[in-house]
Amino acid sequence: MTTHKLFIDGEYRAAKSGKTFDKISPSTGKKIADVHEALAEDVNDAVEAAAAALNGPWGKMPKAERCDLLMKLADAIDARKADFMEAEVQDTGHTRGFAEKVEIPRGAANFRIFAEMLKNTGGEYFHMDTHDGTGAANLELHRPKGVIGVISPWNAPFLLMTWKVGPALACGNTVVVKPSEESPATATLLGEVMNEVGIPKGVYNVIHGFGPESAGELLTQHPKVNGITFTGETRTGEAIMKQAAIGLRDVSFELGGKNPAIVFADADMDKAIEVTMRSCFANTGQVCLGTERIYVERPIFDEFVSRLKAGADGLKQGGPDTDGATIGPLISAEHREKVLSYYKKAADLGATIVTGGGVPDFPEGDYRNEGFFVEPTIWTGLPEDSPIVREEIFGPCCHIQPFDTEEEVIAMANDTNYGLSATLLTENLGRAHRVGGKMEVGLVWVNSWFLRDLRTAFGGSKSSGIGREGGVHSLEFYTERTNLCLKL
Ligand SMILES: NC(=O)c1ccc[n+]([C@@H]2O[C@H](COP(=O)([O-])OP(=O)(O)OC[C@H]3O[C@@H](n4cnc5c(N)ncnc54)[C@H](O)[C@@H]3O)[C@@H](O)[C@H]2O)c1
Ligand SMILES: O=C/C=C/C=C(\O)C(=O)O
């Protein structure tokens with residue numbers, strides 16, 4: 001049985017309380033690991049190690065050397081891709097394709113992009129005229145924010161944790177990472193690779209546990225933590241904001257979404273189906289940027305629904321050890337109950353169930369009967385104020401609604417508390433520019449989905465987040481700035 005220990009000050013160690021919790025495989029429903037739960041003493045040790053590292057070799061390291069070390073780290077992650085893949089797919093039930101093509105490569109990319117950027121990014125300079133004619137020079141100076149608490153979710157554990165650790169370290173900070181209780185493996189493994197490449201001890205620390213009254217909450221309240229970067233549910237973000245308020249801890253939030261896809265009659269239908277099949281069902285719908293609402297212009301509504309149904313019915317259910325699986329299990333029994341409660345709610349509300357709506361019927365004795373699998377599901381016929389259309393479900397399901405005019409569909413797409421992403425399918429680029437500019441979201445894809453340029457500002461509006469990370473935008477959160485005004 002695997003054991004995931006804490007990683008503090010460059011060493012793996014047991015939780016001081018000796019408390020552990022079970023990690024259950026999403027694919028088989030069986031226990032696959034014991035995970036040590038960090039409580040107050042462990043959290044304090046991790047934060048103190050991170051604070052001390054700021055004044056050690058890491059804090060004294062020239063920026064170019066730090067960035068070179070992070071490039072070396074990225075290479076080491078690539079070199080151990082198989083180990084990270086195995087750790088990830090066993091924790092999450094991801095199909096190997098998703099882990100191999102998306103998840104793990106982004107782990108290395110998330111360090112490279114920021115190491116390269118920091119090497120080539122300067123600061124502002126303004127010359128100002130003064131009354132005595134000699135003028136003054138204004139220089140923008142950056143310094144690390146300090147100890148960053150990184151709290152990450154289970155749906156893309158390695159991608160999302162390194163998306164925060166990359167810029168944090170590139171900017172000279174140190175981190176204490178609290179991965180989701182559902183996905184401890186890759187964050188734990190990364191500690192080993194950090195040591196291999198020579199990242200000084202205390203720079204990267206991992207504490208396992210839960211949120212409330214556990215490692216997560218304790219981290220957000222620690223007085224020596226200078227900022228919290230969090231990815232997760234909106235209501236968790238609200239709780240963290242309250243927890244971090246005492247001491248005015250800065251926060252950067254990437255939260256939930258209820259993202260629309262809009263398919264216009266002039267769309268390329270093959271492209272529209274390919275894009276929405278991925279945006280609805282990739283990672284079993286457990287993607288914050290995923291599509292749960294589709295609006296289709298009326299003339300092509302029936303054809304679109306029929307073709308998306310065919311795509312969904314063609315998905316092969318299985319865990320990472322099922323060859324050719326194209327849709328995996330949900331992360332946990334609890335999350336499956338949540339998704340199934342929406343399946344039931346949709347049926348009770350009288351939705352037309354185009355396909356799915358329940359649990360797959362596997363043969364007697366099939367391992368998948370013990371896993372957390374659900375059917376990919378498509379609904380039509382519900383009103384826009386239905387909870388199915390308004391609430392984030394975070395499963396392999398979507399509701400399809402016809403529309404007649406641009407004005408109508410823009411209003412429906414924006415009628416949500418969320419504002420993370422939108423996907424537009426049209427061959428009319430004037431329309432794409434016009435409609436895209438009216439989407440109240442952080443990210444709009446046109447004729448594509450999940451194309452990610454890591455230099456761009458990434459984040460959500462409204463209840464989908466606070467702040468933007470990506471490229472130079474990450475400097476806003478991971479550095480403190482001083483304007484040095486020099487009288488000439
Ligand atoms: N916007 C994005 O980029 C993005 C990306 C991925 C996931 N998400 C969102 O994340 C959610 C799914 O992930 P999840 O179920 O792990 O989210 P979650 O909010 O339940 O948990 C996320 C992390 O927060 C921790 N946590 C929970 N309560 C806490 C508290 N009170 N204090 C400190 N830490 C706490 C958890 O232990 C976990 O590590 C979905 O809503 C999804 O939309 C958003
Ligand atoms: O499930 C949500 C995925 C978020 C993706 C990113 O944060 C990213 O691509 O950087």
Side-chain angles (χ1 to χ4, degrees), residues 21 35 37-38 43 92 98 102-103 105-107 109-110 113 149-164 166-167 177-184 187 206-222 225 228-244 249 251-259 279 282-290 292 330-332 334-335 338 391-395 418-421 441-443 445 449-461 463-471 474:
F21 57 92
V35 189
E37 180 180 3
V43 173
T92 60
F98 181 76
V102 180
E103 259 268 79
R106 271 292 302 275
N110 288 342
I113 185 75
V150 178
I151 301 178
S152 50
W154 48 256
N155 61 309
F158 193 58
L159 183 158
L160 291 166
M161 180 269 290
T162 54
W163 175 238
K164 303 314 183 82
V177 173
K178 209 299 287 175
S180 171
E181 52 278 21
E182 298 292 354
S183 53
V206 179
I207 51 172
H208 295 300
F210 304 88
E213 298 172 6
S214 185
E217 181 172 356
L218 291 164
L219 181 62
T220 59
Q221 294 173 328
H222 196 291
V225 169
I228 297 282
T229 185
F230 165 71
T231 304
E233 293 195 15
T234 295
R235 65 166 183 273
T236 306
E238 292 166 345
I240 290 174
M241 206 160 187
K242 286 183 197 149
Q243 292 162 196
R249 217 146 287 118
V251 296
S252 172
F253 283 169
E254 293 181 10
L255 305 175
K258 189 69 177 183
N259 312 306
S279 69
N283 197 22
T284 320
Q286 299 167 123
V287 183
C288 59
L289 298 156
E292 292 193 357
L330 294 171
I331 188 71
S332 66
E334 182 192 6
H335 187 55
K338 171 189 168 184
E391 296 168 18
E392 179 183 64
I393 300 171
F394 217 56
Y418 292 107
L420 191 54
S421 72
V441 296
L443 186 56
W445 280 292
W449 180 72
F450 210 79
L451 275 185
R452 286 278 292 114
D453 183 326
L454 307 184
R455 296 166 297 182
T456 58
F458 178 90
S461 312
S463 295
S464 289
I466 293 178
R468 293 292 186 272
E469 295 197 26
S474 295

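Whatever order the structure lists them in is the order used to number ligands and atoms, beginning at 1.
- Between T231 and ligand 1, no pair of N/O atoms sits closer than 3.5 Å.
- With salt bridges taken as basic N to acidic carboxylate O contacts below 4.0 Å, one links K164 and E469.
- Polar contact check, L255 against ligand 1: a nitrogen or oxygen pair lies under 3.5 Å apart.
- Atoms of ligand 1 lying under 4.0 Å from at least one heavy atom of F458, given by number and element, are 3 (O).
- Shown here are the ring-ring contact (aromatic ring centres under 6.0 Å, His included) partners of Y418, two or more places apart in sequence or in another chain: there are none.
- In terms of the salt bridge (Lys or Arg N to Asp or Glu O under 4.0 Å) criterion, residue partners of E37 (sequence neighbours excluded) are, by chain and number, K19.
- Residues satisfying the salt bridge (Lys or Arg N to Asp or Glu O under 4.0 Å) criterion with R452, sequence neighbours excluded, are absent altogether.
- Taking a distance limit of 4.0 Å, we find that atom 21 (O) of ligand 1 is approached by no protein heavy atom.
- Taking a cutoff of 4.0 Å between a charged side-chain nitrogen and a carboxylate oxygen, E392 and K258 do not qualify as a salt bridge.
- Atom CD of E217 sits about 14.0 Å away from atom NE2 of H222, to the nearest 0.5 Å.
- Ring centroids of F394 and W154 are separated by less than 6.0 Å, placing the two rings close together.
- The ligand atoms of ligand 1 that sit less than 4.0 angstrom from a heavy atom of I151 are 23 (C), 24 (O), 25 (C), 33 (C), 34 (N), 39 (O).
- Within 4.0 Å of ligand 2, protein heavy atoms belong to R106, N155, L159, L160, W163, E254, V287, C288, L289, F450, R452, F458, listed by chain and number.
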